[in-house]
Amino acid sequence: METMGILGFIFGLTGLSYAITAKNDLNKLKQDFEEFKASLKTSNTLNKN
């Protein structure tokens with residue numbers, strides 16, 4: 001039983017690590033997208049719909 005608890009803890013930490021990494025990657029992509037949108041607005045190539 002103790003072994004299962006240890007394995008659960010390890011897999012839980014692994015899942016948490018992947019989730020944090022994914023969240024950081026998504027935040028970076030969102031920031032890059034916002035910067036790209038801002039650069040399009042300043043160059044007047046973004047269509048206003």
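Not measured: the values here are computed from a predicted model.
Atom OG1 of T42 is separated from atom CG of L40 by 7.5 Å, given to the nearest 0.5 angstrom. One finds the CG atom of D32 at 11.0 Å from the CG atom of N27 (value rounded to the nearest 0.5 Å).
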Under 3.5 Å, side-chain donor or acceptor atoms of residues 4-22 against the rest of the protein: list the pairs with distances, not counting sequence neighbours.
unit_1: T14; atom_1: OG1; unit_2: I10; atom_2: O; d: 2.9
unit_1: T21; atom_1: OG1; unit_2: S17; atom_2: O; d: 2.9

